[in-house]
Amino acid sequence: MRTYWNYNRSLRTIDEWEPNCWVQITCPTPDDEDFLFNTLKVPDYFLDDIRDKDERSRYDYDEGWSLIILRIPYVKEVRSRTPHTTIPLGIILNRNICITVCNYETNMMIDFVSYQQKRNLGFTDSVDLTFRLFLSSAVWYLKRLKQINVLIEEAKRNLDRKIDNEDLVGLSRLQDSLTYFITSIRGNETLLSKLKFKLPVDELDADLIEDVTIEMNQARETTNIYSHILDSTMETYASVINNNVSQTMKQMTSVSIILMFPTLVASIFGMNLISGLEDHWWGFPAVILLTILVTASFSLLFRRKAWI
């Protein structure tokens, strides 16, 4: 889907491309690619880099064209192994051309457009738009981190009642998401520091960059905190599981030892030898009573030592 935005003074759609407008392309179609390659003459490998979901945050320059790849948060299907992940957002700049390309439809871009329309101020230039996208991505990282924290707390409450494999696997997947987040945020921070010297930055852009830096630092620190909490939680429940297994094995071993004594008594008096009890009617009851007494004695001993 391709949308043209006039961002002078306010953000509004226009019917066709014109110089110094913002071209927003989401989930590019063959027609969108034809427009980029044949009409705007965008280098073809730019789209290949943006299409790679594992492409890192970086800046590239080629004969007047600038490619900025920004990693933004993205939520996949609920049943996905890692619902919270990051994807590349491509920003392509030239003298009078500003293009953003994303192969996924994201809430961040929808919210970005809606927020800028509410501001009713537009952008001063394509550089201002670029850094505002950086700011929006940092804000959305914080939003997604809050959602991840809610999921962590819910899983912990479930595990407090009963340790379940599904909840433990869920925590492990959230750990994967936090790993993606921290890697992408660090890459965005490195990219931002590089763009200060690669793009024509004015005084207003410098103030905006400072705001972006603060938000990214907060997102990075928050991600680190949640990651440490999750690591500690996983270690705690791993210790609980090991302790439960140890308790179970101790009880089973104690029961096996207790059951060994009746077997021992029965084996001794069951041997084909003369024991002196063969001619007495109370011989069998005596063996049974002895078995009960021995078993009860060792059961009390094991219980006193808290082995069962």
Side-chain angles (χ1 to χ4, degrees), residues 26 49-59 68-91 100-112 115 130-159 166-195 208-237:
T26 305
D49 293 343
I50 298 171
R51 195 177 293 115
D52 183 4
K53 64 179 181 179
D54 297 322
E55 186 68 30
R56 58 184 175 82
S57 302
R58 65 184 181 86
Y59 171 84
I68 301 168
I69 295 182
L70 173 69
R71 301 289 304 189
I72 63 175
Y74 177 67
V75 179
K76 297 188 288 187
E77 298 82 3
V78 177
R79 296 182 179 180
S80 173
R81 177 171 177 79
T82 51
H84 294 268
T85 185
T86 63
I87 57 173
L89 170 67
I91 306 172
T100 60
V101 181
C102 186
N103 286 277
Y104 303 86
E105 187 172 356
T106 64
N107 291 331
M108 174 194 141
M109 294 303 295
I110 297 173
D111 178 75
F112 177 76
Y115 175 74
T130 299
F131 288 126
R132 290 197 178 277
L133 284 171
F134 271 80
L135 180 61
S136 180
S137 71
V139 171
W140 271 89
Y141 272 116
L142 290 171
K143 289 183 180 180
R144 297 305 186 193
L145 285 169
K146 290 180 180 178
Q147 295 176 359
I148 290 176
N149 187 46
V150 171
L151 295 175
I152 292 174
E153 293 300 324
E154 181 181 356
K156 288 168 65 176
R157 285 193 297 270
N158 293 335
L159 288 169
E166 184 176 352
D167 292 318
L168 291 173
V169 171
L171 288 177
S172 176
R173 292 176 179 176
L174 292 176
Q175 181 66 65
D176 294 341
S177 297
L178 291 176
T179 301
Y180 289 132
F181 274 28
I182 191 62
T183 303
S184 298
I185 291 172
R186 286 173 179 169
N188 289 347
E189 286 182 314
T190 303
L191 176 62
L192 179 65
S193 62
K194 182 182 295 186
L195 292 179
L208 181 57
I209 289 173
E210 184 177 356
D211 293 338
V212 175
T213 302
I214 293 173
E215 292 294 330
M216 282 193 172
N217 286 337
Q218 183 178 354
R220 173 168 46 79
E221 292 300 324
T222 303
T223 306
N224 283 328
I225 291 172
Y226 289 164
S227 182
H228 292 329
I229 291 174
L230 196 52
D231 286 339
S232 176
T233 301
M234 295 291 286
E235 290 177 1
T236 299
Y237 285 117

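Since the model is a prediction, treat every value here as computed from it, not as a measurement. In what follows, every heavy atom counts, from backbone to side chain, and hydrogens, waters and symmetry copies are set aside.
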Working to the nearest 0.5 Å, report the span between [atom1] of [X] and [atom2] of [Y].
| X | Y | atom1 | atom2 | answer |
| --- | --- | --- | --- | --- |
| Thr223 | Ile185 | OG1 | CD1 | 3.5 Å |
| Ile50 | Ile68 | CD1 | CD1 | 10.5 Å |
| Glu154 | Leu171 | CD | CG | 10.5 Å |

Original post:
With sequence neighbours excluded, what pairs up with Arg56 under the salt bridge (Lys or Arg N to Asp or Glu O under 4.0 Å) test?
Top reply: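 Result, salt bridge (Lys or Arg N to Asp or Glu O under 4.0 Å) vs Arg56: none returned.
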Subject >> Contacts of Glu55 that satisfy salt bridge (Lys or Arg N to Asp or Glu O under 4.0 Å) - sequence neighbours left out >> reply: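 Salt bridge (Lys or Arg N to Asp or Glu O under 4.0 Å) check on Glu55 returns Arg58.
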Does a side-chain heavy-atom distance below 4.5 Å link [X] with [Y]?
| X | Y | answer |
| --- | --- | --- |
| His84 | Pro73 | no |
| Phe112 | Leu133 | yes |
| Tyr115 | Ser136 | no |
| Met109 | Thr26 | no |
| Thr213 | Leu192 | yes |
| Ser137 | Glu215 | no |
| Ser227 | Ile182 | no |
| Pro88 | Asp52 | no |

Kindly write out the residues that satisfy side-chain hydrogen bond (donor to acceptor under 3.5 Å, both in side chains) with [X], not counting sequence neighbours, or none if the list is empty.
| X | value |
| --- | --- |
| Ser57 | Asn188 |
| Glu153 | none |
| Asn217 | Arg220 |
| Asn103 | none |

Original post:
Can you tell me if Ser232 uses its side chain to pair, donor with acceptor, with the backbone of Ile229 under 3.5 Å?
Top reply: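 Not confirmed, Ser232 side chain does not pair with Ile229 backbone.
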Subject >> Qualifying residue for side chain to side chain contact (heavy atoms under 4.5 Å, CB included) with Leu230, from Ile148, Ile225, Leu174 >> reply: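 The single option meeting the side chain to side chain contact (heavy atoms under 4.5 Å, CB included) with Leu230 is Leu174.
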Subject >> Test applied, side chain to side chain contact (heavy atoms under 4.5 Å, CB included); reference residue, Leu135; option that passes from Ile214, Leu208, Ile209 >> reply: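 When side chain to side chain contact (heavy atoms under 4.5 Å, CB included) is applied between Leu135 and each of Ile214, Leu208, Ile209, only Leu208 qualifies.
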Who pairs with [X] by side chain to side chain contact (heavy atoms under 4.5 Å, CB included), at least two apart in sequence or on another chain?
| X | result |
| --- | --- |
| Thr85 | Tyr74, Lys76, Tyr180 |
| Thr222 | Leu142, Leu145, Gln218, Tyr226 |
| Lys53 | Tyr104 |

Original post:
So with a 6.0 Å cut-off around CD of Glu105, is the heavy-atom count from everything else above 12?
Top reply: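 No, not enclosed.
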Original post:
ring pair (Phe, Tyr, Trp, His ring centres under 6.0 Å) with Phe131: which residues, sequence neighbours excluded?
Top reply: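 Scan of Phe131 (ring pair (Phe, Tyr, Trp, His ring centres under 6.0 Å), adjacent residues dropped) gives none.
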**OP:** Tell me, please, which residues at least two apart from Phe134 pass ring pair (Phe, Tyr, Trp, His ring centres under 6.0 Å).
**Re:**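 Not a single residue meets the ring pair (Phe, Tyr, Trp, His ring centres under 6.0 Å) criterion with Phe134.
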Original post:
According to the salt bridge (charged side-chain N to carboxylate O under 4.0 Å, His left out) rule, which pairs have a member within residues 174-188, sequence neighbours left out?
Top reply: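 Sorted pair list comes back empty.
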Subject >> Test log, rule side-chain contact (heavy atoms from CB on, under 4.5 Å), inputs Arg173 and Leu151 >> reply: CA-CA 11 Å; Arg173 292 176 179 176; Leu151 295 175; over 6 Å; no
